[in-house]
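Just follow the structure's listing: the first ligand is 1, and inside any ligand the first atom is 1. Below, all heavy atoms of this structure are taken into account, side chains as well, without hydrogens, waters or symmetry copies.
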Amino acid sequence: MQFILEDIAEAEVERRRGVYTPLTDTVRDLVDAVIRTEVGEDALAVAQRRIAEIVADLRSEQMDGPYGVRHTRENTGMAWGNAVIGVRNALAPPLNVEHVDDGVRCEFTLGAAYEGPPGCVHGGVCAMLLDHLLGNAASYESACYTGTITIRYLRPTRLGALTARAWVTEQTGRKRIARGTISDAEGVTCEAEGVFIVPRSALDAPPVRWSAG
Ligand SMILES: CCCCCCCCCCCC(=O)SCCNC(=O)CCNC(=O)[C@H](O)C(C)(C)COP(=O)(O)OP(=O)(O)OC[C@H]1O[C@@H](n2cnc3c(N)ncnc32)[C@H](O)[C@@H]1OP(=O)(O)O
């Protein structure tokens, strides 16, 4: 497991972000459209063929494995395949995480692709988002890995506009305790507490700004 140095200038990071973001947004839109479409079966068959052609075009030049977790010399994070924040990952909501005084926060919208109970966010999705956010809050000096995380679902989280926060409550050596919440307009829907650990191997790694995907 290694982070990868992507030796490019910050302006080039932004240029590439500008190239990939509209593509990923459109694929995200495609996922939502497939879930909610009511067109006839002939139109579905045509759509499937056209999408398969696009997949073949994209596959004509591919990297061997996953994108990896990259960073620039200035330590800007490029976790662009990441399941929660990845700029190139249409499965990511994505979360645009901002640093605040006591930790991290983000506002986001979850649509039909994240449904579990009727009209509500899947519990595993809430857990994934909170895992990432707590880990992000805990990764202020070096990247941390989740050791243990507990989620308490206080009431169903309805699909739609949501806010999440995470902060660190305790640090002992390589171990941090972090807490966090997801809220809708009426207040907190679920909360998490976790133990996050800086692996021995990462102790000398430089701090990386991960918020920007
Ligand atoms: C990505 C880009 C964006 C990055 C932005 C940042 C967000 C990242 C968030 C992503 C979160 C993830 O998905 S991370 C992926 C999911 N997690 C993993 O795959 C982790 C797999 N497990 C491991 O690699 C390892 O077991 C570690 C690193 C967790 C621990 O190994 P270690 O470093 O050898 O730890 P060790 O010396 O034994 O113990 C150190 C201290 O931690 C405690 N400890 C050890 N394991 C655990 C545990 N599972 N739960 C609780 N506590 C534990 C010990 O009791 C000890 O406490 P004491 O005696 O000192 O008190």
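- The atoms of ligand 1 that sit less than 4.0 Å from any heavy atom of N136 are 6 (C), 7 (C).
- Figure legend: R176 and Y140 shown as a cation-pi pair, the cationic atom lying under 6.0 angstrom from the six-membered ring centre and within 45 degrees of its axis.
- Near V195, meaning under 4.0 Å from one of its heavy atoms, ligand 1 places the atoms 51 (C), 52 (N).
- With atom 36 (P) of ligand 1 as the reference point, the heavy atom nearest to it among R70, R174, H71, M78 is part of R174.
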Can you list the steps and then say if E10 with R73 is a salt bridge (Lys or Arg N to Asp or Glu O under 4.0 Å)? CA-CA 9 Å; E10 299 301 297; R73 265 191 207 287; over 6 Å; no
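- When non-hydrogen atoms are compared, ligand 1 lies under 4.0 Å from the side chain of N82 (C-beta onward) but not from its backbone.
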N/O donor to acceptor pairs below 3.5 angstrom from side-chain atoms of residues 149-168, sequence neighbours left out:
residue, atom, partner, partner atom, Å
Y153, OH, G123, O, 2.6
R155, NH1, D184, OD2, 3.1
R155, NH2, D184, OD1, 2.8
R155, NH2, G187, O, 3.2
T157, OG1, T189, OG1, 2.7
R165, NH2, D102, OD2, 3.1

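- In terms of modelled atom types and a separation under 3.5 Å, the side chain of S139 and the main chain of G135 share a donor-acceptor contact.
- When non-hydrogen atoms are compared, ligand 1 lies under 4.0 Å from the backbone of T148 as well as from its side chain.
- Of all the listed residues (G68, G147, S139, A79), G147 holds the heavy atom that lies closest to atom 48 (C) of ligand 1.
- With a 4.0 Å cut-off on non-hydrogen atoms, I197 touches ligand 1 through its side chain and not its backbone.
- Some N or O of T146 is nearer than 3.5 Å to an N or O of ligand 1, by distance alone.
- By the 6.0 Å and 45° rule, R70 stacks over the aromatic ring of Y67.
- Considering only residues two or more places apart in sequence or on other chains, E115 meets the side chain to side chain donor-acceptor pair (under 3.5 Å) condition with none of them.
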